[in-house]
Number of protein chains: 2
Amino acid sequence: MSKQAKKLTLDDIAKLAGVSRATVSRVINKYPHITPDVRARVQKIISETGYQPNKIAQSLASQRTGIIGLVIPSATQTILSDPYFLHLISGITQKTNAYALTLSLFLFHSMDDEVQIAHSLFNTNLVDGLIITADRKENPFAQQVITQDIPFVVIGRSDLNTPLASVNVANEQGAYLATEHLITLGRRRLAIIMCDHNTAGDDRYAGYRRALADYDMAFDPQRVVCGDFSLESGYAAMQQLLSAKPDAVFVSSDMMAIGAQQAIRQAGLRIPDDIAVVGFDDLPQAALTDPPLTTIQQPIEELGMVAVDLLHDLMHDSAAAPRQVVLPIALIRRTT
Amino acid sequence: MSKQAKKLTLDDIAKLAGVSRATVSRVINKYPHITPDVRARVQKIISETGYQPNKIAQSLASQRTGIIGLVIPSATQTILSDPYFLHLISGITQKTNAYALTLSLFLFHSMDDEVQIAHSLFNTNLVDGLIITADRKENPFAQQVITQDIPFVVIGRSDLNTPLASVNVANEQGAYLATEHLITLGRRRLAIIMCDHNTAGDDRYAGYRRALADYDMAFDPQRVVCGDFSLESGYAAMQQLLSAKPDAVFVSSDMMAIGAQQAIRQAGLRIPDDIAVVGFDDLPQAALTDPPLTTIQQPIEELGMVAVDLLHDLMHDSAAAPRQVVLPIALIRRTT
DNA sequence: CTGAAAGCGCTTACAG
DNA sequence: CTGAAAGCGCTTACAG
């Protein structure tokens with residue numbers, strides 16, 4: 001407890017309680033068949049001394065560390081500007097706290113990091129399982145994980161054509177609803193700010209196209225611009241789009257939508273009168289843009305929570321068939 | 001490597017290379033005095049087999065895990081809406097990657113979590129060191145850490161009156177500059193949206209007061225409102241402030257400033273004509289608000305990087321005097 | 001420069 | 001229900 005005290009071990013507790021180390025270990029691990037007397041005696045010593053088992057020794061002996069890794073292989077730039085990841089992490093930590101798991105976080109700041117981290121994660125017995133955000137279409141890290149003997153779950157769709165445990169939201173359907181909403185409003189010159197190199201971006205683009213087709217709306221490649229989910233890229237994309245004179249734009253993330261709104265205003269146009277905007281995410285800030293942003297709500301925290309649930313199941317029953325969960329989305333109408 | 005293969009151990013490598021486990025261990029740990037031949041032979045086997053040492057076993061034997069913990073004891077709500085933390089985490093992971101340390105993340109979602117996490121972190125030998133964001137004035141967790149025998153560094157000032165390793169930015173001076181800027185602009189009815197229960201908030205408030213005093217400006221408690229660093233709270237605070245008819249407001253975080261701008265616009269007032277706004281942080285989104293936000297730039301990523309540097313030093317030389325680093329800030333003029 | 005041996009602090013069959 | 005013992009896979013004085 002205090003600074004100087006030499007740390008107590010199982011052995012010390014065993015001696016103090018007059019039992020074997022095995023018994024103390026069983027008490028700590030809540031093994032059911034222990035004489036109540038003995039259990040009480042051991043517990044008393046433990047609480048009196050403030051003994052805490054050495055987690056590393058427990059891990060080595062039990063072959064489980066209770067650590068799970070969260071790997072976010074996105075470009076750092078994207079991560080930085082998108083509160084999405086904060087919500088995801090929040091959902092994940094809620095569950096890891098509940099399961100008494102420890103979360104380790106792995107971000108790549110360079111190609112080198114990717115190699116280094118893969119190296120330190122695979123075959124080192126450090127983590128019991130992995131959660132991977134698989135937004136990038138090119139995802140060499142995820143490719144590697146498949147070949148490893150480690151439970152993992154993927155957040156977002158993955159094109160790894162293997163049955164994997166995964167959680168995702170109904171991206172295609174969300175984009176469809178958003179686009180349909182704009183069409184229903186009477187808009188005719190629809191545009192999209194999408195995100196390439198990203199599976200969620202692809203799915204949302206597909207939903208946009210499907211809605212256009214279903215409603216016999218013209219598709220004009222001039223009115224398609226790519227961003228990278230960042231605020232800045234949404235701003236730049238909208239500036240580019242302006243010359244194509246859209247009267248509505250579906251932006252596939254709220255941060256990009258906020259940037260797009262800014263570009264529209266700066267061009268002296270009115271929202272939604274001149275250009276209607278619909279986003280995707282429903283971040284808290286979406287309700288406070290000018291005007292408030294109509295958007296597709298996706299349950300980001302829940303995404304994280306379900307990921308941990310799936311992983312937890314996998315870790316305790318490796319024979320379990322990997323489950324794919326798709327969470328529902330909803331259109332949140334604000335401005336229009 | 002592949003799914004079925006039973007994992008190799010030091011012993012296996014030793015046998016394959018015809019040396020002792022000690023020698024293999026020395027090669028792995030880059031012990032300098034090894035016969036080149038022997039080293040080469042061992043390394044060949046290691047790379048041929050793809051052997052990776054078991055990190056847990058290494059940790060138990062060496063009494064170091066290479067894991068450091070990042071503890072963010074802020075209210076979850078605050079964390080979620082503030083990209084600040086993303087930048088901080090980014091800075092931290094850049095350095096942990098460089099030092100080949102593993103980062104574990106601890107967020108509190110309830111009072112119970114706080115107890116649980118403290119319990120699992122202290123005296124369990126899991127982490128080699130801790131980084132704590134000490135923004136809350138009431139910080140029982142930080143108080144506890146002090147009594148533990150574990151290296152740690154605090155991000156943000158702490159009122160724990162002990163010489164601690166810490167990194168911070170010049171909050172007071174930043175607020176002073178921001179306020180001075182508004183005064184120099186000719187504004188006379190200054191207001192502040194501050195953040196209570198938070199040491200950074202306190203420091204910034206102090207800088208505001210000092211500038212007011214230096215320039216003989218009236219201080220009106222009517223023109224002081226508290227938020228919690230979230231966008232929503234900035235919005236609400238500004239609405240409240242409106243009746244006091246300020247002509248300028250220093251908002252002690254960018255997210256709150258963005259919320260405040262929104263409230264001003266919604267009230268039909270112009271920025272900066274009717275009310276000038278200065279923020280604090282210089283998040284990427286500050287450059288894209290309407291109008292672009294003048295703000296105090298603080299090097300958030302660097303805060304995280306320095307924290308890891310300090311901790312790294314502490315872990316390798318526990319006798320080292322804990323250092324206090326204060327990073328400079330700068331006024332970024334945009335709109336006015 | 002290298003090896004034999006002890007040790008890190010636990011867990012978990014195996015007996016009884 | 002409980003204990004003795006082996007084992008988890010490494011590191012590191014200690015000799016030589």
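Residue numbering restarts at 1 for every chain, and letters A, B, ... go by the order of the sequence lines.
- Listed by chain and number, the residues in a side-chain hydrogen bond (donor to acceptor under 3.5 Å, both in side chains) with B:S120 amount to none (sequence neighbours excluded).
- Chain A approaches DNA chain D over the interval D:dC1 to D:dG9, counting the first and last nucleotide 5' to 3' with an atom under 4.0 Å from its heavy atoms.
- Scanning for salt bridge (Lys or Arg N to Asp or Glu O under 4.0 Å) contacts around B:E301 gives an empty result, with sequence neighbours left out.
- With sequence neighbours excluded, the residues satisfying side-chain contact (heavy atoms from CB on, under 4.5 Å) with A:Y99 are A:K95, A:L101, A:V308, A:D309, A:H312.
- Among the atoms of the strands shown, base atoms are found under 4.0 Å from some heavy atom of B:S25.
- Contacts between residues 28-42 of chain A and DNA chain C, defined by a heavy-atom separation below 4.0 Å, involve A:N29, listed by number.
- Sorted by first and then second residue, the salt bridge (Lys or Arg N to Asp or Glu O under 4.0 Å) pairs involving residues 27-36 of chain B (not counting sequence neighbours) form an empty list.
- Under the side-chain contact (heavy atoms from CB on, under 4.5 Å) criterion, A:A200 pairs with A:N171, A:N198, A:R204, not counting sequence neighbours.
- Every pair passing salt bridge (Lys or Arg N to Asp or Glu O under 4.0 Å) that includes a residue from residues 100-122 of chain B is listed here, sequence neighbours excluded: B:E114-B:R136.
- For residues 53-69 of chain A, the pairs satisfying side chain to side chain donor-acceptor pair (under 3.5 Å) are A:T65-A:D128, with sequence neighbours left out.
- When each of A:D11 and B:S20 is assigned the nucleotide of DNA chain C bearing its nearest heavy atom, the one mapping closer to the 5' terminus is B:S20.
- Annotation: side-chain contact (heavy atoms from CB on, under 4.5 Å) contacts of A:R21 (sequence neighbours excluded): A:L10, A:D11, A:A14.
- Partners of B:D37 by side-chain contact (heavy atoms from CB on, under 4.5 Å), not counting sequence neighbours, listed by chain and number: B:T35.
- Using modelled atom types and a 3.5 Å distance limit, the side chains of A:S104 and B:S104 yield a donor-acceptor pair.
- Consecutive pairing runs in DNA chain C reach the stem threshold at C:1-3 with D:14-16, C:5-12 with D:5-12, C:14-16 with D:1-3, where a stem means at least three Watson-Crick or G-U wobble pairs with distances under 3.5 Å.
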